[in-house]
Amino acid sequence: MEVLLFGGFLGSGKTTVINRLLHDLTDQGKSAAIVENEIGTVGIDDVLVAQTGLKVTPLFGGCVCCQLTADLLTAVHTIEDQVNPDVLVVEMTGLAMMDGIRDTFARYGRDTLRLHTIAVVDMARWPKLIRAMEPVVRRQLAGADLVLVNKTDVVPADPEALEQMSQLAGGAPCRTLSAQSMEPGAVLTLIREVLR
Amino acid sequence: MEHEYHHEHHHEHHHEHEHGHDHDCGHDHDHGCACGHHHGHSEAERLVEDTLVLSKSWSGEDGQPEQLAQKLQSGLEALGELLGEDGIILGHLKGLLRCGSACLACSITRTDHTDLTASPDWPPAEPCHWTLTVTVLSLCHQDRVTEETLDKLFGGI
């Protein structure tokens, strides 16, 4: 089972990217499932994703990089056993650290899982975020297989920023997009090109 | 109008209750806290620990969708003015309005822009049973917004 783990700072556009991806997957006849981890006790993101018609497994009450690690793995393994979709999408909270989750999957995840980690970055807030939240951003990019630089319709991505992001992500490729206005199929194509 | 006041929120350090007796959070550190473990937190974890997390819902009957939508948007924008730093929200302000089967989502990460996403069946034609949910997540100016702030902005609908 392919597992796409989405991380990235609060409000970076993870849910929007995931919604587009889910539409693309189902348009191509692929089966998909999703696990939503959200901060706060009342869900919003899971409702938005459920608009796609897919069944959403929500994880509330904490962050999967720490408090709910076991819950996340249990959910992933259960979905593999009971549903076995072509693709399982996991949306982490905007405060989750990618490197910790990746280590957890490496240590405790089944060999049948093919994990890809995708960090979504908000280009419109990047200069401010990297100045004010550099330790957090660094941990969120570390361990990413792919960096999606979102909201480039608001602020175009400059080469210096892209290089900085790629370095923080250990040399992972960076691809720009504007998730809100992508053509059907474009998000899936973009991800597939990089994560073969 | 009878209001069903559903109050759920999580307003405390993000890190609270994060570590139990038996856990492996994947971080390389010592542990120390009330549970008997000793913690040594990274700088990233310290920043995240102080996240303001507020999540609250209100609901009622016979709601007017457009009025409720305006309330949601104006309330979140007011929160944005309180929490913004040079026009940037170091966090995320989001709200969801459900009216019957239709829903409208509102998201703010910059004070100069509000994202609205509506379901295909929005707005519903008739007054409806409604639920309004607001989530405030901020790593900056955490002392400027409290539960009382949310009540003033969104209560009394």
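Values below: every heavy atom of this structure, side chains too, minus hydrogens, waters and symmetry copies. Because the structure is a prediction, the values reported are computed rather than measured. Naming: A, B, ... by sequence-line order, numbering from 1 per chain.
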Report summary line: Looking only at heavy atoms, the pair that brings G91(B) and R125(A) closest together is O-NH1, 3.0 Å
Report task. Identify the heavy atoms of L47(B) and A132(A) that sit nearest to each other, and give their distance. Result -> CD1-O, 4.4 Å
Query - Proximal component of V154(A), with respect to chain B [non-hydrogen, under 4.5 Å] - result: side chain
Report summary line: Paired with L10(A), the side chain to side chain contact (heavy atoms under 4.5 Å, CB included) test is passed by just one of L137(B), I89(B), T109(B), L93(B), namely L137(B)
**Report entry** Structural part of Q180(A) lying under 4.5 Å from a heavy atom of chain B
**Finding:** side chain
Query raised in the report: Where do R110(B) and A124(A) come nearest, in terms of heavy atoms and distance?
Result: NH1-CB, 3.8 Å
Report task. Find the distance between OG1 (T15(A)) and NE2 (H92(B)) and round it off to the nearest 0.5 Å. Result -> 7.5 Å
Query raised in the report: Taking all non-hydrogen atoms of both residues, which atom of M97(A) and which atom of A44(B) are closest, and how far apart?
Result: CE-CB, 3.8 Å
**Report entry** Distance, nearest 0.5 Å, that separates CD1 of I88(B) from CG of D122(A)
**Finding:** 7.5 Å
Query raised in the report: Crowded around D143(B) CG? As in, over 12 foreign heavy atoms under 6.0 Å?
Result: yes
Query raised in the report: Which value, rounded to the nearest 0.5 Å, describes the distance between R138(A) atom CZ and S42(B) atom OG?
Result: 12.0 Å
